[in-house]
Each structure stands twice: as C-alpha cells, then as structure tokens.
2 protein chains.
Amino acid sequence: MDKNKMKHLPHKTIERLSQYRRALLLCHAQGQTHIFSHEIAKIQHITAVQVRRDIMLIGYTGTLRKGYNIEELIALIGRILDTDEGIKACVVGIGNLGRAFINYFKGKRTKLSIVAAFDNNPNKVVKNFCNTETFHIDELERIVKQKGISIGIITVSPEAAPEVTEKLVKAGIKGILNYTPKPVNVPAHVYLEEYDMITSLEKVAFFVKTHSE
Amino acid sequence: MDKNKMKHLPHKTIERLSQYRRALLLCHAQGQTHIFSHEIAKIQHITAVQVRRDIMLIGYTGTLRKGYNIEELIALIGRILDTDEGIKACVVGIGNLGRAFINYFKGKRTKLSIVAAFDNNPNKVVKNFCNTETFHIDELERIVKQKGISIGIITVSPEAAPEVTEKLVKAGIKGILNYTPKPVNVPAHVYLEEYDMITSLEKVAFFVKTHSE
DNA sequence: TTCACAATGTTAATTTATTAACAATTTCTT
DNA sequence: AAGAAATTGTTAATAAATTAACATTGTGAA
Ligand SMILES: NC(=O)c1ccc[n+]([C@@H]2O[C@H](COP(=O)([O-])OP(=O)(O)OC[C@H]3O[C@@H](n4cnc5c(N)ncnc54)[C@H](O)[C@@H]3O)[C@@H](O)[C@H]2O)c1
Ligand SMILES: NC(=O)c1ccc[n+]([C@@H]2O[C@H](COP(=O)([O-])OP(=O)(O)OC[C@H]3O[C@@H](n4cnc5c(N)ncnc54)[C@H](O)[C@@H]3O)[C@@H](O)[C@H]2O)c1
C-alpha cells in the first residue's frame, strides 16, 4: 500500500484494523480461509459497509463469492500497523495495572513487544517478570536508548505521571500511552493517547440512566 | 437541565464531562473557586471553544470576568452523569486487571460504586477485597438482584467472556464494560462498551511509525 | 443459457464532531 | 468616561465518520 495514502487513513479505521486483525487471527487459527464483510461486522458489532469501506481504504479487494482471504488480509494489515524491525515499548510503574498489562501482552504480537518495565520502588524491580526485564526508574534513559524503545506506557501513581512523562520524553520516546487519571503534557513530536476507566464507566452509567427513563 | 436535551448530548461530550469533573474536583480540592474555559482546555489537551461548547450544551453559563464557578459546574455535571440513588457496578473476574480496577475505584466517586466482585475460582473469593465484597460466580444473579446492580465490568479470561456476559444479561444488568479482547454480544436494551489495550497500543505504534517517516 | 442472488467496491448523502468567527459583555486602564 | 482587553455564548463553516444507495460481478439454479 502507498506510503502516502497510509498516512491519511482515518484514526478510527486504524483502530478497527487492529480489531479486525485480532478477529482474523482467531478465525485463521481455527482453519478458516475466507471471510465475508458481514461476518467481520458481526464480530465487531459494526456494519458490513464499514468493514468494506475500511478494507477499500487499505486497497485490498476480496473475491465476490468467497469474501476476503484471511491470510492475505492479516498480512496486509500487518504491513500497515507493524514495522519490519518491530516496535518496542516499555511499562513505567510495576503495580497492579502495569503487571496486568505485561501479563496480558506476554506471547501476543511479535512485532510489538514490551521489552522493559520500570519502577522507583526497589522491591518491584525483580528481574524478569513474565519475561520482561525490570529496572529502576533511574535507568530509564539508558535502557530506552540502548534497546531502542519508542513507546512508553504509564501506569504509575497519578502524582508521579508528569515527572515520569518528562523522563520518557527526555529519553527520546516517540509515543506515550497514559493510563493514569492525570492528563500529561508532551511536546508536539510525541504522540499521546490517554485512557481512563472511570470515564468509560461513567459513560456506560449515563446511557444506562438515560435509556431507562 | 431538561431531561430530553440531556438524552441527546453527544457521546463525546459525555466523555469529556466526566473528564472535566475530574479536573474540576482537583482544582476545587486546591481551593480554587473559578476557572476559565482555556484553563480546562489546557488540562485536557483540547480547545477552549470545545469546552465552552460542551458547557453551553449542558446549559450552564459562566461569568465574563471570572469564568465558571467550579462548585456549580461540578454539581451540574453530577446531575447529568449521576443518579440520586447512585449506580452500582460489579466486577467479574478477580485477576490482575479486576483487582487493579477495584483498587483504583476505592474511595473515588460516591454515586457510582463497585459493590461486588465475582470469580469462579474459590481461592479468589476472599471476603472484602478493598472493601468490595467478593462472591462465587454462581451467586451472580442472586447478588445482582439483591443489591440492584446495573453495570457489569468483565475482566475474566477471554474464553469465559461470552458465558459471563450471558449470565450478566440474564441477571438483568443494563450496561456492560468489557475489557477482554473477545467481543461479546448483548441484546439491544443492554449498553455495551468495549476496550482493549492492544488496540490503543497499536494505534500509538502506527502514529509513531508514520510520523517518523 | 438466462436469471436471480448474494457479495463486493465505490460514490453520494447524512450525521456527528470540531473549529472558526464574531457579537456581547464586563472589567481594567488611562 | 472612553477605550482596550479578555472572555463568554452562539451561529456558521468545516472536517471526520458513518450510512445509504447502487452499479458490478461471479455463481448456481431453473
Ligand atoms: N486508566 C485506568 O483505567 C486505570 C485503572 C486502574 C488504575 N489506574 C491508574 O493506573 C495507575 C496504576 O494503578 P495501580 O493500581 O497499578 O497502582 P499501584 O500503586 O499498584 O502501582 C503504581 C506503581 O507505580 C510505582 N511508582 C510510583 N511513583 C513512581 C515513580 N515516580 N517512578 C516510578 N514508579 C513509580 C509504584 O512503586 C507502584 O509500583 C494509577 O495512576 C491508577 O490511578 C488506571
Ligand atoms: N482490555 C485490556 O486492556 C486488558 C488488559 C489486560 C488484560 N486484559 C484482559 O482482561 C482479562 C483479565 O486479565 P487478567 O490479567 O486479570 O487475567 P487473570 O487470569 O489474572 O484473571 C482472570 C480471572 O478471571 C477468573 N475467571 C476465569 N473464568 C471465569 C469464569 N468463567 N467465571 C468467573 N471468573 C472466571 C479467573 O479465576 C481469574 O481470577 C483477560 O481477558 C485479559 O485478556 C485486558
């Protein structure tokens, strides 16, 4: 797929491609070779049109009577989302959430890997938690540069978030995923994504409330 | 605020209201009484216009030279997002993520509370983890009805997600927040929100990749 | 063969979300 | 007191995302 077109894929399409791939990998593992747009749509709770549109945007085309070739589609999505060399991420804050994340990631995608975890509490820095090397936070800059880590996942206590962000940016990280409820500031060249469970929960609560009235 | 208008607030506005409140509570705790739209915007990394628009939509109006009254705004957002009686939620799956969630929620919003947690592993069902009562999954329906729980948060192993969803729906839950990577199906009257960290991470990776080329 | 069917691919229309523009208003300064 | 500055509230414009519409095309049945 053309590099320039790739750059202009809608944000939402990128998110869905990630989800399509997950679903496709599952189907593939079960021996399925082809899939229709409406089947993908069903799994993801969206419309078949949207699936077809996304697939059109990445320039793939299926066959009329068999749908999309699962292997080919997985490979194409890989060429869009992954890089040949692989992208390396690290977790900062080895608490409940940080551990859940590392644990969850273990044995998932190979092109995107969590290669290090940091904490300022020496007790949390036990070598090789779930195959991920752990370090004291003071080593962050050195390790990030040494290993070529480009993404930081922040799971420290909220108060520590700004300070940790600064360290990550200084170390040369290119993207940050912040799971603390404290919004952080990054320079323009760093991509930032924030998520808070309470917002999601309050959203669900709102719709539960308004739908039941 | 008018009930009917409330029902038609944009989804994104609802999400932001939750975030505004969090920021406002923090400012309030520090003794601040008023705030300008651009101050809120700065915290949330959005534009001041958007903040003013959201606030306009909920029918609040600030004063010209002092901005918005923090207490009043918090109260109004509360009237929109909360219910008088409070909304009760439960966590299903007391693993790493479930515990992180319960722990995180402890001592947060009073109108929205996690009042129970379930698991099928008897070892995980230790009474009163972080002030939250824990039960065996078989008790789900009984407890949900007894306590009037309306939201279920799913943090079980992916394979168990569909089965747990069914149980929640059967028990009469009105909203589900699914954190497993396995999309689940719910009837139309149940509001569903799904989130997966890998999608977020892959999105960050994509933008890191495309921005650096 | 021919027709109906069930898919895809794509353009057009619609809806939702964001941003721009600007009038109105209050306060401060001179 | 007059004017400048800063901020709100709101309408209009733009952009992003979704959905509808439909032409196109293999496939299998009549
Ligand atoms: N976004 C969400 O959905 C969500 C859900 C649960 C928790 N959280 C948030 O995620 C964060 C982690 O939650 P948790 O339950 O794992 O908390 P936790 O207390 O178990 O873990 C926090 C870890 O960060 C470490 N830490 C603190 N300050 C540090 C610093 N300056 N440098 C390096 N490490 C430091 C601590 O030693 C600890 O190991 C919290 O901010 C919490 O509010 C977010
Ligand atoms: N969405 C995310 O961002 C994210 C992040 C990390 C983990 N996860 C997912 O969240 C889930 C939980 O992750 P974790 O690290 O806490 O896993 P975990 O294995 O630590 O916890 C899973 C828990 O679910 C319980 N369980 C399993 N089957 C059950 C059933 N049928 N009924 C009741 N309880 C059952 C287990 O006993 C265990 O306590 C997994 O699906 C994981 O993939 C999601």
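Labels below follow one simple rule: chain letters A, B, ... track the order of the sequence lines, proteins then strands, and each chain is numbered from 1.
Within 6.0 Å of NZ in B:Lys145 there are more than 12 heavy atoms belonging to other residues, nucleotides or ligands. For B:Lys147, the NZ atom is densely surrounded, since the number of other residues' heavy atoms within 6.0 Å is greater than 12. Counting non-hydrogen atoms of neighbouring residues, nucleotides and ligands closer than 6.0 angstrom, the NZ atom of B:Lys209 exceeds 12 such neighbours. Around the NZ atom of B:Lys182, the shell of radius 6.0 Å holds no more than 12 heavy atoms that belong to other residues, nucleotides or ligands.
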Derivation of the side-chain contact (heavy atoms from CB on, under 4.5 Å) call for A:Ile153 and A:Val91 | CA-CA 5 Å; A:Ile153 300 159; A:Val91 165; 4.2 Å; yes
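If you measure from atom CG of A:Asp54 to atom C1' of C:dT8, you get 14 Å, rounded to the nearest angstrom. As rounded to whole Å, 11 Å separates atom C1' of C:dT16 from atom NZ of A:Lys12. Atom CD1 of A:Ile55 is separated from atom C1' of C:dA7 by 13 Å (rounded to the nearest Å). Regarding B:His38, its NE2 atom lies at a distance of 18 Å from the C1' atom of C:dT19, rounded to whole Å. Distance, A:His34 NE2 to C:dA7 C1': 13 Å, rounded to whole Å. Put simply, CD on B:Gln50 is 16 Å from P on C:dT16, counting in whole angstrom units.
Listed pair A:Thr61 / C:dT8 fails the phosphate criterion, with no side-chain N or O lying under 4.0 Å from OP1 or OP2.
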Which letter, B, S or -, goes with each nucleotide of nucleotides 21-30 of chain C from 5' to 3', with contact meaning a protein heavy atom under 4.0 Å?
-> ----BBS---
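Considering all non-hydrogen atoms of both residues, B:Pro183 and A:His45 come closest at CB-CE1, 3.9 Å.
At the heavy-atom level, A:Thr13 lies nowhere under 4.0 Å from the strands shown.
Chain A approaches DNA chain D over the interval D:dA17 to D:dT27, counting the first and last nucleotide 5' to 3' with an atom under 4.0 Å from its heavy atoms.
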